[in-house]
Structures are given as structure tokens and as C-alpha cells.
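Only a predicted model underlies this, so the values are computations on that prediction, with no experimental measurement involved.
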Amino acid sequence: MTLSKRASWFLIAVGVWTWAIWPNFLRNIWKDDRSWENGPTSFFTVHLVLTVTSLAVGSVVGWLGIRGVRAGRADAAGDVASSDQLMGSGR
């Protein structure tokens with residue numbers, strides 16, 4: 001599958017947005033009075049899991065966008081590689 005340049009940059013933007021928003025969200029949850037009562041509460045634990053999951057998904061989406069941009073640059077430079085080569089190259 002080949003991603004367009006626009007789609008690749010969109011995926012990168014989503015990954016950056018995720019990393020800009022979720023750590024701040026977790027800091028706000030950390031400071032919330034409902035988060036701690038002789039240790040972390042279920043309120044905090046649920047939001048921690050949500051944050052970690054969102055950061056993982058955002059990282060994967062951003063990584064796919066970066067791969068799409070790199071593959072597009074390789075094609076534009078005349079270094080034509082098949083999708084099998086790109087998938088196996090580790091880029």
C-alpha cells in the first residue's frame with residue numbers, strides 16, 4: 001500500500017498532536033484530588049491506561065507517516081523500490 005504525501009504528513013501531524021496533548025492531560029489528572037487516596041485510585045488508573053494507549057497508538061501512526069514520507073522521497077529521487085523492499089528494509 002502506498003500513502004500519498006498528504007496522508008503521510010497528516011499521520012505525522014496526528015502523532016505530534018498526540019504527544020503534545022496526552023502528557024499534559026496526564027499531568028492534570030495527576031494533580032486532581034480524585035486521583036490519590038492512600039495510593040492511586042481507579043480514576044487515575046483508568047486515565048493512565050488511556051494515556052499510555054493513546055501515546056502508543058499516536059507513536060505508531062506517526063511512525064507510519066514518517067515511513068510514508070521517506071518512501072515518497074525515495075520514489076521522487078528515482079530510487080524506485082517495491083513495497084516489499086520498503087517493508088523489509090526497516091525504514
Side-chain angles (χ1 to χ4, degrees):
M1 176 180 170
T2 304
L3 290 173
S4 69
K5 187 183 295 189
R6 178 180 281 178
S8 296
W9 282 108
F10 177 75
L11 292 177
I12 292 170
V14 169
V16 169
W17 176 258
T18 299
W19 276 94
I21 294 300
W22 285 100
N24 188 43
F25 176 77
L26 186 61
R27 274 191 295 273
N28 291 334
I29 294 297
W30 188 283
K31 295 175 188 176
D32 194 310
D33 293 335
R34 297 172 288 179
S35 295
W36 304 100
E37 185 178 301
N38 298 327
T41 62
S42 56
F43 172 80
F44 177 78
T45 305
V46 166
H47 286 89
L48 177 64
V49 169
L50 180 64
T51 301
V52 169
T53 303
S54 295
L55 289 173
V57 169
S59 297
V60 169
V61 165
W63 176 74
L64 290 172
I66 290 169
R67 285 192 57 174
V69 168
R70 286 183 178 172
R73 287 184 183 166
D75 288 344
D79 180 22
V80 180
S82 70
S83 61
D84 292 336
Q85 290 171 327
L86 290 175
M87 293 300 288
S89 68
R91 297 197 285 172

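Using a 4.5 Å cut-off on side-chain heavy atoms (C-beta onward), Trp36 and Thr41 make no contact. Put simply, the side chain of Pro23 reaches to within 4.5 Å of the side chain of Leu55, judged on heavy atoms.
Of the inter-residue distances, the one linking Phe43 atom CZ with Leu48 atom CG reads 12.0 Å to the nearest 0.5 angstrom. Note that the CZ atom of Arg67 and the CG atom of Leu11 stand 12.5 Å from one another [nearest 0.5 Å]. Once rounded to the nearest 0.5 Å, the distance linking OG1 of Thr51 with CD1 of Ile29 reads 7.5 Å. Here CZ of Arg34 is found 11.0 Å from OG of Ser42. Values are rounded to the nearest 0.5 Å.
In terms of hydrophobic clustering, with Ile, Leu, Val, Met, Phe, Trp and Tyr side chains grouped at heavy-atom distances under 4.5 Å, Phe25 and Trp30 are assigned to a common cluster. At a threshold of 4.5 Å between side-chain heavy atoms, the hydrophobic network of Ile, Leu, Val, Met, Phe, Trp and Tyr places Leu50 and Val46 in two separate groups.
Counting only distance, with no hydrogens or angles, the side chain of Ser35 and the backbone of Phe44 share no donor-acceptor pair below 3.5 Å.
Residue pairs meeting the side-chain hydrogen bond (donor to acceptor under 3.5 Å, both in side chains) criterion with at least one partner in residues 14-27, sequence neighbours excluded, are Trp19-Ser59.
Legend: residues meeting side-chain hydrogen bond (donor to acceptor under 3.5 Å, both in side chains) with Asn28, ordered by chain and number and at least two apart, are absent.
Here the closest heavy-atom approach between residue Gly68 and residue Leu3 is recorded as CA-CD1, 4.4 Å. Between Pro40 and Thr45, the shortest heavy-atom distance links the atoms CB-OG1, 4.4 Å.
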